[in-house]
Amino acid sequence: MSNKDIDPIETSEWLEAINSVIEEEGIDRASFLLSKLAKKLNQEGAIPSYNLTTPFKNSIPVKEEAPMPGDLFMERRIRSLIRWNALVMVLKANMNDDELGGHISTFSSAATLYDVGFNYFFRGSNGQLEDMVYYQGHCSPGIYARSYLEGYLNEDDLDNFRKEVHKPGLSSYPHPWLMPDYWQFPVVSMGLGPILGIYQAHVMRYLSARGLVPRNDRKVWVFCGDGEMDEPESKGAIGLAGREQLENLIFVVNCNLQRLDGPVRGNGKIIQELEGAFRGEGWNVIKVVWGRFWDPIMAKDTEGKLQDLMDVVVDGELQNFKAKGGAYTRENFFAKDPDVLEMVKDLSDDDIYKLNRGGHDPYKVYAAYHKAVNSEGAPTVILALTTKGYGTGSREADNTTHQVKKLSMDNIKSFRDKFNIPVLDSEIEKLPYVRPSEDSPEIQYLKKTREELGGYIPRRRTASEALSMPSTKIFEKLYESSGDRKISTTMAIVRIITDLLKDSEIGERIVPIVPDEARTFGMEALFRQVGIYSSAGQKYEPEDADKVMWYKESKDGVMLEEGITEAGAFSAWTALATAYSNYDFPMIPFYLFYSMFGFQRVHDLSWAAGDAQAKGFLIGATSGRTTLNGEGLQHQDGHSHILSSTIPNCFSYDPAFAYEVAVIVKNGIKEMFVDQKNYFYYITTINENYSHPEIPEGSESGIIKGMYKLIDNENAQIRLLGSGAILREAIKAKELLEKFNIKAEVWSVTSFNLLRKDGMEVERFNQLNPSKEPSPSYVEQCFSDSDIPVIAATDYMRSYSEQIRPYIKSTFFTLGTDGYGRSDSRETLRDFFEVNSKSISRAASYALYKTKVISEDQIVDIYKTLKVDTTKPNPWEV
Ligand SMILES: Cc1ncc(C[n+]2csc(CCOP(=O)(O)OP(=O)(O)O)c2C)c(N)n1
Ligand SMILES: [Mg+2]
């Protein structure tokens with residue numbers, strides 16, 4: 001399309017026509033007509049050229065702004081005190097050499113955005129479910145400062161900002177693990193807040209659609225930085241929010257135009273860019289660009305010349321206008337067009353500098369929030385223009401402002417003066433916190449606003465309902481031998497989940513979650529049995545409607561089939577795994593995924609789930625480097641148990657038999673949902689089919705603790721430890737060794753991670769109590785009857801089983817799958833990685849040779865029979 005106007009008269013006739021429609025019939029009618037015209041153009045083959053962005057100005061025209069009902073001046077006084085106390089707590093934390101850090105500039109740019117929310121919108125939890133607010137992590141000082149004015153925190157608390165080891169301390173950022181009755185959502189790792197918030201809103205609607213937790217008009221507010229929006233997680237799920245029309249979701253992006261090192265989009269416009277991205281995904285976009293001091297100037301802009309300048313100015317320059325002041329702005333912005341310069345001729349340089357940005361104007365922010373909470377049919381994003389380091393004098397909008405932790409006395413005084421803080425020059429060096437007396441109008445106003453909104457936030461619910469145990473039959477079925485029937489442990493877990501879904505006690509709490517892998521795990525029967533949740537129901541006849549296991553989507557479906565997004569599915573799991581706290585309604589989510597695409601893919605989210613005190617099951621289905629055999633290097637996981645072990649409250653298991661899976665899940669439900677411990681479980685299951693024995697008597701406690709003796713052997717000379725898929729190789733090795741007259745016993749290790757935890761605890765206890773008789777670790781207890789050599793083999797890297805070395809007093813060798821995976825048969829892969837029965841036998845005979853149980857002739861003979869290739873390169877060779 002050419003931009004050249006070849007017939008200006010005709011153009012003005014069209015413009016007049018549309019103007020008269022706007023005036024006489026309104027903007028909606030005008031938009032309708034234009035969309036009809038656009039459709040016609042499309043039919044003729046034109047590609048629409050109108051873009052997704054609107055001019056760089058406020059989305060809400062002045063005449064349509066909802067008026068803010070409260071006391072502007074009172075609120076400014078309160079907000080100023082919050083600003084001051086937030087500043088002081090960071091300055092104090094950095095007065096000595098501790099270098100505790102903290103941030104001043106982030107909250108100073110966001111204070112109004114939060115304040116308007118706290119004063120008018122964020123609902124508390126008195127008698128209702130509170131709004132969920134994902135605060136931007138670096139704003140924490142401002143949130144603490146408000147809680148201080150509210151009387152929840154005291155000066156000692158503020159003085160202990162970032163001094164958490166000796167309580168009471170305030171955590172650097174929002175961490176429910178560290179402040180369990182305060183913060184609800186761990187967010188400070190950029191991008192996690194946005195994706196977790198989106199799936200929270202999605203889960204809220206899911207719970208309500210199933211009739212479990214009524215949604216009412218509860219909202220999820222997600223506050224984030226404009227730099228943060230570059231994280232793939234931040235924007236990665238906005239399509240889901242648009243598609244699912246999550247009107248319960250409000251994003252507030254604080255567009256202060258800067259991130260840590262410099263401008264977010266020096267050469268562009270982040271607000272415009274985000275507007276296009278969000279609008280394209282079906283969101284309501286509300287831009288809050290200019291504050292009300294601009295209104296009279298904008299009113300003069302009848303020809304759109306000022307708007308033209310606003311539309312082309314880049315963010316790097318906008319930053320300069322705040323960093324360099326009014327004279328600079330007059331010269332480098334307004335003076336670009338003489339007519340625009342004329343519009344500000346009556347303003348002093350100082351007046352120009354004070355032309356406020358939308359995100360610092362409570363009226364504009366109120367109008368935006370008001371529109372957002374009353375919008376229907378789509379999520380809303382508010383893009384608010386602010387200034388980073390607002391109020392910090394010469395540090396305002398400077399490129400280093402993010403990391404400012406100390407301010408010069410001049411800057412502190414200018415901050416005090418700007419916000420009229422009642423601190424005298426004689427006191428200011430001491431940096432006093434300021435809290436008016438309890439009966440002061442400020443504190444009374446503050447308390448009243450929160451009372452009207454239903455109480456204080458943030459607060460995290462720590463107590464929740466204890467669930468009852470499901471029918472034990474569900475688990476006991478798997479305690480029996482499978483006989484000749486060959487099944488996989490993945491099938492076993494799916495059977496448990498299927499039965500749990502039908503359980504009369506806790507059936508409704510069970511949620512299977514998959515990222516498009518249900519068929520891989522043999523879960524397709526659940527499609528029809530419980531349905532897949534879709535807010536739209538099913539508007540089409542599924543292709544397989546005539547089949548038994550047809551693809552059923554429904555509005556009250558139970559299963560969450562999130563599509564190919566492990567980060568998204570994990571975020572949904574996190575929302576359900578914390579439902580006991582955030583919805584006061586415990587849910588039991590089972591998230592099944594390829595184990596390689598679990599922790600390795602989304603470890604930061606898993607870490608945050610631990611912080612959030614999530615409870616539920618993560619199932620690394622089709623796991624094991626040699627067990628998921630045909631999929632090759634990127635799929636074959638040999639380290640997820642190492643990764644899971646890094647999360648303190650994650651209990652991980654690598655079971656081999658169906659009864660082990662059953663015991664572990666039963667115990668997990670008991671621990672997490674009946675005894676209410678804040679753990680979550682990671683269980684690897686495999687897709688290798690074999691027959692399963694019945695549960696050995698008395699093995700339950702060992703299965704739970706991490707190890708039990710599976711095959712006893714009187715006068716055994718060696719112990720073989722096997723785990724998951726490789727346990728059966730250990731059993732075969734026992735039989736192989738018998739051929740060489742070597743007697744072995746076999747142990748099933750369900751969790752080397754738990755054995756290590758136990759060992760560490762016991763070791764520490766012994767160190768702390770030198771005069772007491774040393775206690776044995778669980779491993780030592782198990783092996784106390786003899787000190788024969790031990791061989792451990794797993795489908796994971798050697799470091800997984802190496803963890804128990806300190807607790808084994810005899811000769812100990814480990815075998816594992818170090819190195820990159822590759823495709824081949826299981827048999828070949830186990831030979832290649834040296835975790836098969838032959839390799840276990842090799843290690844066992846070597847251990848016996850080293851301990852002089854067998855002679856050199858014997859070992860030579862054994863190696864020959866086993867066909868040990870001494871020239872084979874090691875599998876982890878690089
Ligand atoms: C995943 C992750 N990467 C890096 C950081 C370090 N970091 C903390 S704040 C920040 C800049 C934030 O900029 P922005 O999102 O614009 O927030 P602002 O402080 O400007 O409001 C960075 C890079 C982090 N917290 N998380
Ligand atoms: Mg920023």
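Start at 1 and go down the list; that is how both ligands and their atoms are numbered. Computed from a predicted model, the values in this text were never measured in an experiment.
F251 and W283 have their aromatic ring centers within a separation under 6.0 angstrom. Side-chain rings of Y135 and W221 stay apart, their centers remaining 6.0 Å or farther from each other. For an aromatic pair to be called close, the ring centres must be under 6.0 Å apart, and F415 with F419 satisfies this.
Residue side and main chain included, D226 places an N/O/S atom under 2.8 Å of the Mg ion (ligand 2). Put simply, Q258 gets within reach of the Mg ion (ligand 2), with an N, O or S atom under 2.8 Å from it. The Mg ion (ligand 2) does not have T106 among its coordinating residues (no N/O/S atom, backbone or side chain, under 2.8 Å).
Nearest non-hydrogen protein atom to atom 25 (N) of ligand 1 is V188 O, 3.2 Å. Atom 14 (P) of ligand 1 has G227 N, 3.6 Å as its closest protein atom, hydrogens excluded (heavy atom only). For atom 4 (C) of ligand 1, the closest non-hydrogen atom on the protein side is M190 CG, 4.2 Å. Among all non-hydrogen protein atoms, the one lying nearest atom 8 (C) of ligand 1 is H138 NE2, 3.0 Å.
Each of the following atoms of ligand 1 lies closer than 4.0 Å to a heavy atom of L260: 11 (C), 22 (C). Within the listing of ligand 1, atoms 9 (S), 10 (C), 11 (C), 19 (O) sit less than 4.0 angstrom from a heavy atom of H402. Near E228, meaning under 4.0 Å from one of its heavy atoms, ligand 1 places the atoms 14 (P), 15 (O). Residue S189 approaches ligand 1 through these ligand atoms, each under 4.0 Å from one of its heavy atoms: 1 (C), 26 (N).
Only the side chain of E231 comes within 4.0 Å of ligand 1, counting heavy atoms alone; its backbone N, CA, C and O stay farther away. When non-hydrogen atoms are compared, ligand 1 lies under 4.0 Å from the side chain of K388 (C-beta onward) but not from its backbone. Within the 4.0 Å heavy-atom criterion, neither part of D604 lies near ligand 1. The side chain of N256, and not its backbone, has at least one atom closer than 4.0 Å to an atom of ligand 1 (non-hydrogen atoms only; side chain from C-beta on).
A donor-acceptor contact under 3.5 angstrom links the side chains of Q272 and K287, judged on distance only. There is no side-chain donor-acceptor pair under 3.5 Å between D637 and Q600.
Atoms CZ and CD1, on F597 and I564 in that order, are 10.5 Å from each other to the nearest 0.5 Å.
Note that K354 lies outside the cation-pi zone of F293, set by a 6.0 Å cut-off to the ring centre and a 45° limit from the axis. For the pair K219 and Y369, the cation-pi criterion (under 6.0 Å, within 45° of the ring axis) is not fulfilled. Figure legend: cation-pi geometry between K92 and F161 absent, as NZ or CZ is not positioned both under 6.0 Å from the six-membered ring centre and within 45° of its axis.
Taking a distance limit of 4.0 Å, we find that atom 6 (C) of ligand 1 is approached by no protein heavy atom.
Residue contacts with ligand 1 do not include S109, since none of its heavy atoms lies under 4.0 Å from the ligand. The closest approach between Q136 and ligand 1 falls below 4.0 Å for a heavy atom of the residue.
Residues G101 and V90 come closest through the heavy atom pair O-CG1, 4.2 Å.
Aromatic ring pairs are classed by plane angle as parallel below 30°, tilted from 30° to 60° and perpendicular above 60°; the pair H138 and H103 is perpendicular.
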